[in-house]
Enquirer: 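One structure coming up, written as structure tokens, with questions to follow.
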Amino acid sequence: MSLSTQPYKGARDFYPEDKRLQKYMFRIMRESVEQMGYEEYDAPILESLDLYLAKTGEEIVNEQTYAFEDRGGRRVAIRPEMTPTVSRMVASKRQELAYPLRWYSIPNLWRYERPQRGRLREHWQLNVDLFGLSGLRAEAEIIQVADTILKKFGATHDMYEVKLNSRKLMDYIMGAYLGLNVTQAHTLAKLIDRMRKMPPEEFEAEAESIFSHGQREEGMHIKLKGLLKIKNIGHLPEALRNHAAAKELQGLLDTLYDNGITNAVFDITLMRGFDYYTDVIFEVFDKHPENNRSMFGGGRYDGLVGLFGVEPVPTVGFGMGDVTLQNFLEGHDLLPTLRSETDVYVILIGDVYGKAQRVIRELRAMGLNVAVDLTDRKPDKQIKTATKKDIHYALFIGEKELEEELYTLRNLHSGVEEKHSASRIVSIAKDYRGEDDDL
RNA sequence: GCGGAUGUAGCUCAGCUGGUUAGAGCGCUGGAUUGUGGCUCCGGAGGCCGUGGGUUCGAACCCCAUCAUUCGCCCCA
């Protein structure tokens, strides 16, 4: 029985070409959010399990969290999400931070569950949060951040859609408007959440069964059925349309539209799983016909920081997972071809290993990333190796080159080969690298 | 936790209703007079047919179990 070479279930190995892609995605994310004034923070991957017991949906703690006891008998969890951690950090320095805070991180997160498309046990997630603002400007900005990132990846508005809803509005609908108690409302919310996955008749039957006899006699389930078809805040019944939460949501949509985010829509069926959201929630959907699914989302959660015994801090944020994002980018053919970080692959011709060192050192000192083959294989083999490594330039160094101090630089993609001085080679290779950055 | 699909070479797969030494393409590797790839030609390595058990004269193929991968459900950062 030999050892398995497979990575742990639901986790991934990042070979250099995979890591290259990840670095690209993280770079675009960082550039996008930093452009909007967000600063990066980080925290340990381990947290006290208590942190997750206090909040969150119950499921994620009981069944989906990696938890264990450390040698000192402490209950420890591998973080399944970043929001509790960042809330803890803000609470810890509640008094001394300069609000509003614009913070982001790209943590590695774990959840224990059956892996499936777009959902693994281990993933990386960009977390973007704006602390200390209670007005809608915060929501508008955070959605703008999400939009900026997707645009920076080359996505256009026909590729995705931002769906918006409001927990406050839904609470009002469930309670005052439909007359449901808390338990009924919760059951109905979960049902609406998976409405798209079930046949309409089945949904209707289940929805109807949530209502009591009396409520049914009043026709509440009919009212609900009508409501769920509404695609526009303006089409809501007057009692709802004039509710503050509805007006705010409309105001947010208008602001977004004015800021060029024309693919944001109201969606009364949008729920999101976590209980900690308090007001506006949003979710970005992939519109690709074969991958029509939720990509990521977020919303307002004003209560979390306060759980640590300090004055609450109003907060809006979202999390964007690397797996779903990659599916999106692949689906829309938005991933660039990425080349090696190595600029030049040196191929030594003849017995010049010692004599070539000086110029190689020189190239590196001038800022090039230079790998030397070091084998004595024939040049054709060495070229193949360089190509396979996705290195753009091969540099031949032999007796002739060393004498002339002009080295043969070969573009491995075009096959064009020219002799240049060391400093010229540096500027050519750097130019090429620079083009890459502008993508 | 539940249901479906799939496990044959490094990869993608073929292998007819069970019948001798298990195949292809790609990849890998060596060569075509030791300073040049992606084309061509010739040679080579590489498989306990996921694992364990059963049926049979005989199993990659049939049956059971188990593990793994994958899609979906539950749930959803």
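What you see is a predicted model, and the numbers here were worked out from it, not measured in a lab. So you know, we letter chains A, B, ... as the sequences are listed, proteins then strands, and number each from 1.
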Enquirer: What contact category does A:Leu109 fall into here, base, sugar-phosphate, or nothing, at under 4.0 angstrom with non-hydrogen atoms?
Expert: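 Nothing, no heavy atom under 4.0 Å.
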Enquirer: Should the side chain of A:Gln382 and the base of B:U36 be counted as holding a donor-acceptor pair, with the cut-off at 3.5 Å?
Expert: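 Flag unset: no donor-acceptor pair detected.
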Enquirer: Counting heavy atoms from C-beta on, name the nucleotide in B:C73, B:C75, B:A32 closest to the side chain of A:Lys378.
Expert: B:A32
Enquirer: Does the B:G35 base have a donor-acceptor partner in the side chain of A:Arg410 within less than 3.5 Å?
Expert: no
Enquirer: Do A:Arg117 side-chain and B:G72 base share a donor-acceptor contact under 3.5 Å?
Expert: no
Enquirer: Would you mind classifying the nucleic acid contact of A:Gln6 as base, sugar-phosphate or nothing, using non-hydrogen atoms under 4.0 angstrom?
Expert: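 Sugar-phosphate, no base atom in range.
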Enquirer: Would you mind telling me which of B:C28, B:U36, B:C76 lies closest to the side-chain atoms of A:Arg119?
Expert: B:C76
Enquirer: Taking atom types as they are modelled, is there a donor-acceptor pair under 3.5 Å from the base of B:G37 to the side chain of A:Thr387?
Expert: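 Yes.
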Enquirer: Hey, can you tell me if A:Tyr24 and A:Phe153 have their rings parallel, tilted or perpendicular (30° and 60° cut-offs)?
Expert: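 A:Tyr24 and A:Phe153: perpendicular rings.
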Enquirer: Starting the side chain at C-beta, find the nucleotide from B:G3, B:C74, B:U36 nearest to A:Gln116.
Expert: B:C74
Enquirer: To the side chain of A:Lys388, which of B:G72, B:C28, B:U36 is closest?
Expert: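 For A:Lys388, the side-chain atoms sit closest to B:C28.
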Enquirer: How far apart are the closest heavy atoms of A:Lys419 and A:Thr408, and which atoms are they?
Expert: CE-OG1, 3.4 Å
